[in-house]
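What follows is a set of notes on a single structure, which appears directly below.
From a predicted model like this one, the values you see are computed outputs, not experimental measurements.
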Amino acid sequence: MSRRNILLIEPGYRNKYPPLGLMKLAAYHGPQGRGDRVAFVKGEDPHVFDRAWDRVYVTTLFSFEWSRTATAIDFALRAANGQPERVFVGGIAASLMHDEYLKEPRWAGVRFIKGLLSGPPAVSLQLSDGDGDFGAADLQGAPIEELVPDYSILDQAEYRYPVYDAYFGYASRGCVRRCRFCGVPKLEGAQRDMPPLSRLVSGIARAHGEKKDLILMDNNVTAAPRFKEIIAEIRDLGFVPDATLRRDGAGTVKRRVDFNQGVDARILVKSPVFLKEISTICISPLRIAFDHVGMRKIYEKAVRMAADNAIVNLSNYMLYNFMDSPADLYERMRMNMELNRELGIRIWSFPMRYQPVNLKDRSHVGRNWNPYFLRSFQIMLQATRGIVSGSADFFARAYGGGRHEFERLLTLPHGFIFHREHYEKGAGKAVRDEYEAARRRLSERQEGELVQLLANSGASSGARRVNYLRWACDGGVDRGIREVIRFYVLDTRNKIGSVNEGAQPSLPCFDVGGNLPAEEEIVEDAGLFSAEQADGRRSATRVLPEPGKAI
């Protein structure tokens, strides 16, 4: 069997976790598998054109990263010398938007893989007789999905994932729920068990060294039939409370277990067994979803049960921009502040902006939100990297002392939100006072018209500024509103202070109430950055290994 050249590509977006699918493909093709020569790049690396590639794989993640993913696929086609049959595209977005990818004429002939690589390799990869001896006969091999991932490919890219020193895997796949906002049922199907974690951990440790943490990406581990056995296995692997790992030359580091997709409060509250079991491992943090205000009682009960089991480091995902209103979101955030204060725990909340799983950008606006409100809340979250702090004082300062104050904060000029200290206490206070005086003169009807104008002001800062200036000079717009709308040209890009002073965050000097969570505990993507702000830098990569040399 001749050795082939295999190129693995992850698009150049920012992401927290390494590409597990590509790591398993590397295991399939690499030294412990077929013996092929495997290379990995993050983004676009011109060095790939120095070699002929027999097969190119591209992974996909978020559907709203369509543009960057499309760039990666086009790059893969160039790397494959224009031969689409050598290009394979899979992952989350390719599965959830499968038909959209197939409809692109320029990608005709590319194999788009839908779902998991859970069957025989030849079947999962859509191989046929036309692929000759290049895996088409592999109808009995172990599913690629169940292989021990190859961590060595990560050393080929200079991009550093915030979470890397961990065993990444699944104890179960799928979910028993069919939530309307979630793509898991379509992507993974019904809940089912995966091979034992001990096999995964021992395989990674042997090949790539012992890892500090255990990151399990199960979508609903509490619904797994083997839940108690899974927890027992985690304990047997040494991940018990206060577990540590000694690193040569680096001392002792504390270990942790993270069910990073969260656990289901509706199942946790059914029996004290669930949280009692979870308390026997070094869970940090315990992530509980709080998707809508209707879950208030169940969520609160789950948190109280966790505290009763001495689980005091918690985190939650708060879906917004789906069916909720800003007032609903505020109530959920406020509830965590009260639980923190009463129970003596720390809950870090991560509001997650809902986007349909088949939308190519972040343009979705929920029926109870508008584009201006979403942008305002986005700016508030940027002050703390997407985290709603456990400090009650900071919470009231950042998000308001009540839902009505929060709703009003959402309507402020973005410059006032971003440069809050400057306009509330600094040299810009007179400007803020003038705005507030004009705003107080508005009637209820005028307030409604102002909010409507803001909602339709435009998707980019440039478009918004043009509209604000136009409306301020338009005699057809209510005079009182014209007096107010002129302040909205003050946005996040307006510099304050001296000409050499750059933009400052909204609450630069305010205590958030304790240390922020470690980078590894922050969520994958909280939608903090709009397209106009997104980091467009291409990730640099190292020179690829020479053909024939070990990867």
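- Heavy-atom minimum distance, Gln156 versus Ala39: OE1-CA, 3.2 Å.
- In this structure, Phe322 has its ring center no closer than 6.0 Å to that of Trp369.
- With hydrogens and angles left out, the side-chain atoms of Tyr170 and Arg173 include a donor and acceptor closer than 3.5 Å.
- In plain terms, the two heavy atoms of Leu216 and Ala171 that are nearest each other are CD2-N, 4.4 Å.
- Between the side chains of Asn467 and Arg470, at least one donor N or O lies within less than 3.5 Å of an accepting N or O.
- The aromatic rings of Phe64 and Phe62 sit parallel, their planes meeting at an angle under 30°, below the 60° perpendicular limit.
- In this view, Phe377 and Tyr320, Phe406 satisfy the ring pair (Phe, Tyr, Trp, His ring centres under 6.0 Å) rule, not counting sequence neighbours.
- In the model, Glu10 has a side-chain atom that pairs as donor or acceptor with a side-chain atom of Asn15 under 3.5 Å.
- Of all the heavy atoms in Arg160 and Ala157, the pair that sits closest is NH1-O, 2.8 Å.
- Atom CD of Gln32 has 12 or fewer heavy atoms from other residues, nucleotides or ligands within 6.0 Å.
- The two residues Phe112 and Gln126 make their nearest non-hydrogen contact at O-NE2, 3.1 Å.
- No side-chain N or O of His208 forms a donor-acceptor pair with one of Ser152 less than 3.5 Å apart.
- Neither side chain, Asn5 nor Arg51, offers a donor N or O lying under 3.5 Å from an acceptor on the other.
- Looking at Arg464, its side chain never comes within 3.5 Å of a backbone N or O of Ser457 through a donor-acceptor pair.
- Scanning all heavy atoms of the two residues, the minimum distance from Thr59 to Gly91 falls at OG1-CA, 4.4 Å.
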Please determine whether salt bridge (Lys or Arg N to Asp or Glu O under 4.0 Å) holds for the pair Asp133 and Arg4, giving the CA-CA distance in whole Å, both sets of side-chain angles, and the decisive distance to 0.1 Å.
CA-CA 11 Å; Asp133 64 344; Arg4 310 297 182 101; 2.5 Å; yes
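- Cation-pi contact between Arg255 and Phe239: present, with separation from the ring centre below 6.0 Å and deviation from the ring axis of at most 45°.
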Gln355 and Ser63: CA distance, side-chain angles, deciding distance, side-chain hydrogen bond (donor to acceptor under 3.5 Å, both in side chains) verdict:
CA-CA 9 Å; Gln355 299 291 327; Ser63 61; over 6 Å; no
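- Remark: Glu146 does not engage Lys24 in a salt bridge, criterion side-chain N to carboxylate O under 4.0 Å.
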What pairs of donor and acceptor atoms, side-chain ones from residues 72-81 against any protein atom, are under 3.5 angstrom apart with sequence neighbours left out?
from: Asp74; atom 1: OD1; to: Arg106; atom 2: NE; distance (Å): 3.0
from: Asp74; atom 1: OD1; to: Trp107; atom 2: NE1; distance (Å): 2.8
from: Asp74; atom 1: OD2; to: Arg106; atom 2: NE; distance (Å): 3.3
from: Asp74; atom 1: OD2; to: Arg106; atom 2: NH2; distance (Å): 3.3

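- Listed here is the closest heavy atom pair of Pro121 and Tyr28: CB-OH, 3.6 Å.
- Proximity of the aromatic rings of Tyr488 and His414 is defined here by a centroid distance below 6.0 angstrom, and this criterion is not met.
- The local environment of OH in Tyr164 is sparse, with at most 12 non-hydrogen atoms from other residues, nucleotides or ligands closer than 6.0 Å.
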Under the criterion salt bridge (Lys or Arg N to Asp or Glu O under 4.0 Å), I'd like the reasoning laid out for Asp165 against Arg247: C-alpha separation, chi angles, the key distance, then a yes or no.
CA-CA 12 Å; Asp165 189 9; Arg247 291 289 200 201; 2.6 Å; yes
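- Judged by the 6.0 Å and 45° rule, Lys42 forms a cation-pi pair with Tyr159.
- With respect to the salt-bridge test (charged N to carboxylate O, under 4.0 angstrom), the residues Asp258 and Arg256 qualify.
- A tilted orientation is assigned to the rings of Phe88 and Tyr57, their planes being inclined by 30° to 60°.
- No side-chain donor-acceptor contact under 3.5 Å links Asp291 and Tyr354.
- Arg287 forms no cation-pi arrangement with Phe259, by the criterion of a distance under 6.0 Å to the ring centre and an angle within 45° of the ring axis.
- The structure places NZ of Lys254 at 7.0 Å from OG of Ser284, a figure rounded to the nearest 0.5 Å.
- The distance from the NE2 atom of His364 to the CG atom of Leu374 is 8.5 Å, given to the nearest 0.5 Å.
- Between the side chains of Asp491 and Ser461, no donor N or O sits under 3.5 Å from an acceptor N or O.
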Begin from the C-alpha positions of Asp54 and Arg3 and carry the test salt bridge (Lys or Arg N to Asp or Glu O under 4.0 Å) through to its verdict.
CA-CA 10 Å; Asp54 297 290; Arg3 301 176 70 191; over 6 Å; no
